[in-house]
A.B. asks: 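One structure, pasted below without further comment.
Below, chains carry the letters A, B, ... as their sequence lines are ordered, and counting in each starts from 1. None of these values were measured; they are calculated from a predicted model.
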Protein chains: 2
Amino acid sequence: MLIGELAQASGTTTKTLRYYEQAGLIPAPGRTAGGYRDYPPEALSRLDFIRRGQAAGLTLAQVRGVLDVRDRGLAPCEHVHDLLDAHLTALDRQIADLHALRDTVAGLRDSVDTIDPATCAPGTICRYI
Amino acid sequence: MLIGELAQASGTTTKTLRYYEQAGLIPAPGRTAGGYRDYPPEALSRLDFIRRGQAAGLTLAQVRGVLDVRDRGLAPCEHVHDLLDAHLTALDRQIADLHALRDTVAGLRDSVDTIDPATCAPGTICRYI
DNA sequence: CTGGTCCTTCCAGTGCAGTGGAAGGTCAAC
DNA sequence: GTTGACCTTCCACTGCACTGGAAGGACCAG
């Protein structure tokens, strides 16, 4: 399988595949006589896993962590559980932070509607922020 | 006011102040005989505004947009209202996206606890992601 | 044999908001 | 006069996940 075919099959680009190889996410494949990358069929399932990991909001470094465990011949179940657990905690905090920010911004925006701009102090940049 | 004093007073660093100047967020101040930056007192309120804008989750480019309006001698009220409104919309979508992601990740994590790892297919990377 | 498409490597840039460090100038105190 | 703190400019780097482009080789159809 040439790089362009794999890119098409996995819904990504040749640029990205070379980048993944350089980043240690996919192993360097064999080469054809002409020096072209020649991927085995299982490269596709590896790319699907990477895509699913990304869809779950994991970084490529985290995905690579799981792949590294798997490549050492181990079952990554515990690792995956801990990773998802930590990710969930981070997401919860991120959502809470964003919620607080949202309320702050909503208050600021409403203040623009309700506070008379004539009461702005001359030396300030903006009365509302 | 020298740059170190302003940095201390505004709770930032000299590096950041030079960066803000280069980025067009604060005007280039006068210089002392020795070539040191010499800030006027109102630089502090400008930096406070920048900090409040950042606390509201605005980018420096957005903050600079407000400052540009103000520097042209106009009241930025309408601009600020529109900016905050758009920001609020973006925040709401971001929160919704994050919520959906959170639910997905929670489902994945729980599947690690409930699905028997012995049922993993040998060719796959991970049964859970 | 030529044209077109695919592939190769390598270097550099994107956006965001700074941060690090080198090489050197200024100023006040001792 | 010298130490030390502060300042100057300039260039490069951080993290993240790519993306763009140049220069050149491989391969296939007509």
A.B. asks: Would you mind reading off the bend of the helix from C/dC1-D/dG30 to C/dC30-D/dG1 from its two end axes, five pairs each, to 10 degrees?
C.D. replies: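 The angle, to the nearest 10 degrees, is 30°.
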A.B. asks: Does anything in residues 18-40 of chain B pair up under salt bridge (Lys or Arg N to Asp or Glu O under 4.0 Å), and if so which pairs, sequence neighbours excluded?
C.D. replies: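 Those involving residues 18-40 of chain B are B/E21-B/R37.
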A.B. asks: Please list, chain by chain and in numerical order, all residues satisfying salt bridge (charged side-chain N to carboxylate O under 4.0 Å, His left out) with A/D85, sequence neighbours excluded.
C.D. replies: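 Applying salt bridge (charged side-chain N to carboxylate O under 4.0 Å, His left out) to A/D85 gives B/R109.
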A.B. asks: Should B/Y36 and B/I3 count as side-chain neighbours, where that means a heavy-atom distance under 4.5 Å?
C.D. replies: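 B/Y36 vs B/I3: side chains apart.
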A.B. asks: Specify the closest pair of heavy atoms between B/V105 and A/L88, including all atoms of both residues, with the distance to one decimal.
C.D. replies: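 So the minimum-distance heavy-atom pair works out to CG1-CD1, 3.8 Å.
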A.B. asks: Measure the distance from CG on A/L25 to P on D/dC18 and round it to the nearest whole Å.
C.D. replies: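 So the two atoms are 9 Å apart, to the nearest Å.
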A.B. asks: Could you tell me how far apart A/R64 (CZ) and D/dC18 (C1') are, to the nearest whole angstrom?
C.D. replies: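 Those two atoms, CZ and C1', are 15 Å apart.
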A.B. asks: State, to 0.1 Å, how close B/R64 and B/A23 come at their nearest heavy-atom pair, and which atoms those are.
C.D. replies: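 Scanning both residues, the minimum pair turns out to be NH1-O, 2.7 Å.
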A.B. asks: Between A/E21 (CD) and C/dC10 (P), how many Å, whole number?
C.D. replies: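 About 12 Å, once rounded to whole Å.
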A.B. asks: Can you tell me how far the OH atom of A/Y39 sits from the CG atom of A/L17, to the nearest 0.5 Å?
C.D. replies: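 If we round to the nearest 0.5 Å, A/Y39:OH and A/L17:CG are 5.0 Å apart.
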A.B. asks: Restricting to nitrogen or oxygen on both sides, can you table the protein-nucleotides 28-30 of chain C pairs closer than 3.5 Å?
C.D. replies:
none

A.B. asks: Applying side chain to side chain donor-acceptor pair (under 3.5 Å), which residue pairs with at least one partner in residues 41-53 of chain B are found, sequence neighbours left out?
C.D. replies: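 Sorted result for residues 41-53 of chain B: B/R46-B/D71.
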A.B. asks: State which residues pass salt bridge (charged side-chain N to carboxylate O under 4.0 Å, His left out) with B/R70; sequence neighbours excluded, sorted by chain then number.
C.D. replies: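 Not a single residue meets the salt bridge (charged side-chain N to carboxylate O under 4.0 Å, His left out) criterion with B/R70.
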A.B. asks: Any side-chain N or O of B/R37 under 4.0 Å from OP1/OP2 of D/dT8?
C.D. replies: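 Looking at the OP1 and OP2 atoms of D/dT8, one of them is under 4.0 Å from a side-chain N or O of B/R37.
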A.B. asks: B/Q22 CD to D/dT8 C1': how many Å, rounded?
C.D. replies: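 Between C1' of D/dT8 and CD of B/Q22: 15 Å.
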A.B. asks: Just grab all the salt bridge (Lys or Arg N to Asp or Glu O under 4.0 Å) pairs involving residues 3-13 of chain A, residues at least two apart or on different chains.
C.D. replies: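 Listed once each, the pairs would be none.
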A.B. asks: Can you measure A/Q62 atom CD to D/dG15 atom C1' for me and round it to whole angstrom units?
C.D. replies: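 Taking atom C1' of D/dG15 as the reference, CD of A/Q62 is at 13 Å.
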A.B. asks: Using a 4.0 Å heavy-atom cut-off to protein, can you give one letter per nucleotide of nucleotides 15-22 of chain C, 5' to 3': B if the base is in contact, S if only the sugar-phosphate is, - if neither?
C.D. replies: --BBSBB-
A.B. asks: Taking DNA chain D as the partner, which of residues 95-106 of chain A come within under 4.0 angstrom of it by heavy atom?
C.D. replies: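 Correct list: empty, so none.
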A.B. asks: Run the side-chain contact (heavy atoms from CB on, under 4.5 Å) check on B/T12 and B/Y19 step by step: do they pass?
C.D. replies: CA-CA 11 Å; B/T12 181; B/Y19 169 73; over 6 Å; no
A.B. asks: In the structure I gave you, are the side-chain heavy atoms of B/Y20 and B/V63 within less than 4.5 Å of one another anywhere?
C.D. replies: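 Heavy-atom side-chain distance check fails, nothing below 4.5 Å.
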A.B. asks: Send over the distance from B/D38 CG to D/dC7 P, rounded to a whole Å.
C.D. replies: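 These atoms are roughly 11 Å apart.
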A.B. asks: Give the C-alpha distance, both sets of side-chain angles, the deciding distance and a yes or no for side-chain contact (heavy atoms from CB on, under 4.5 Å) between B/V66 and B/L58.
C.D. replies: CA-CA 11 Å; B/V66 178; B/L58 302 179; 5.6 Å; no
A.B. asks: Name all pairs fulfilling the salt bridge (Lys or Arg N to Asp or Glu O under 4.0 Å) condition that reach into residues 98-107 of chain B, sequence neighbours left out, sorted by first residue then second.
C.D. replies: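 Checked against salt bridge (Lys or Arg N to Asp or Glu O under 4.0 Å) - neighbours excluded - the pairs reaching residues 98-107 of chain B are A/D92-B/R102.
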A.B. asks: Provide, to the nearest angstrom, the distance between the CD1 atom belonging to B/I3 and the C1' atom belonging to D/dC7.
C.D. replies: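 To the nearest whole Å, that distance equals 8 Å.
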A.B. asks: Determine the contact category for A/R18: base if any of its heavy atoms lies under 4.0 Å from a base atom, sugar-phosphate if only primed atoms, P, OP1 or OP2 are that close, otherwise nothing.
C.D. replies: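 Here A/R18 touches the bases of the nucleic acid.
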A.B. asks: Using every non-hydrogen atom in the two residues, find where B/A7 and B/T14 come nearest and quote the distance to one decimal.
C.D. replies: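 For B/A7 and B/T14, the tightest heavy-atom pair comes out as CB-N, 3.8 Å.
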A.B. asks: Just grab all the side chain to side chain donor-acceptor pair (under 3.5 Å) pairs involving residues 115-129 of chain B, residues at least two apart or on different chains.
C.D. replies: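 Residue pairs passing side chain to side chain donor-acceptor pair (under 3.5 Å), neighbours aside: B/T119-B/R127.
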A.B. asks: Going through the distances and angles, do B/I125 and A/I50 end up as a side-chain contact (heavy atoms from CB on, under 4.5 Å)?
C.D. replies: CA-CA 10 Å; B/I125 313 286; A/I50 294 171; over 6 Å; no
A.B. asks: Expressed as a whole number of angstroms, how long is the span from A/E5:CD to C/dT5:P?
C.D. replies: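 One finds 17 Å between P of C/dT5 and CD of A/E5, rounded.
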A.B. asks: What one-letter contact string describes nucleotides 25-30 of chain D from 5' to 3', where B marks a base within less than 4.0 Å of any protein heavy atom, S marks contact via sugar-phosphate atoms alone, and - marks no contact?
C.D. replies: BBS---
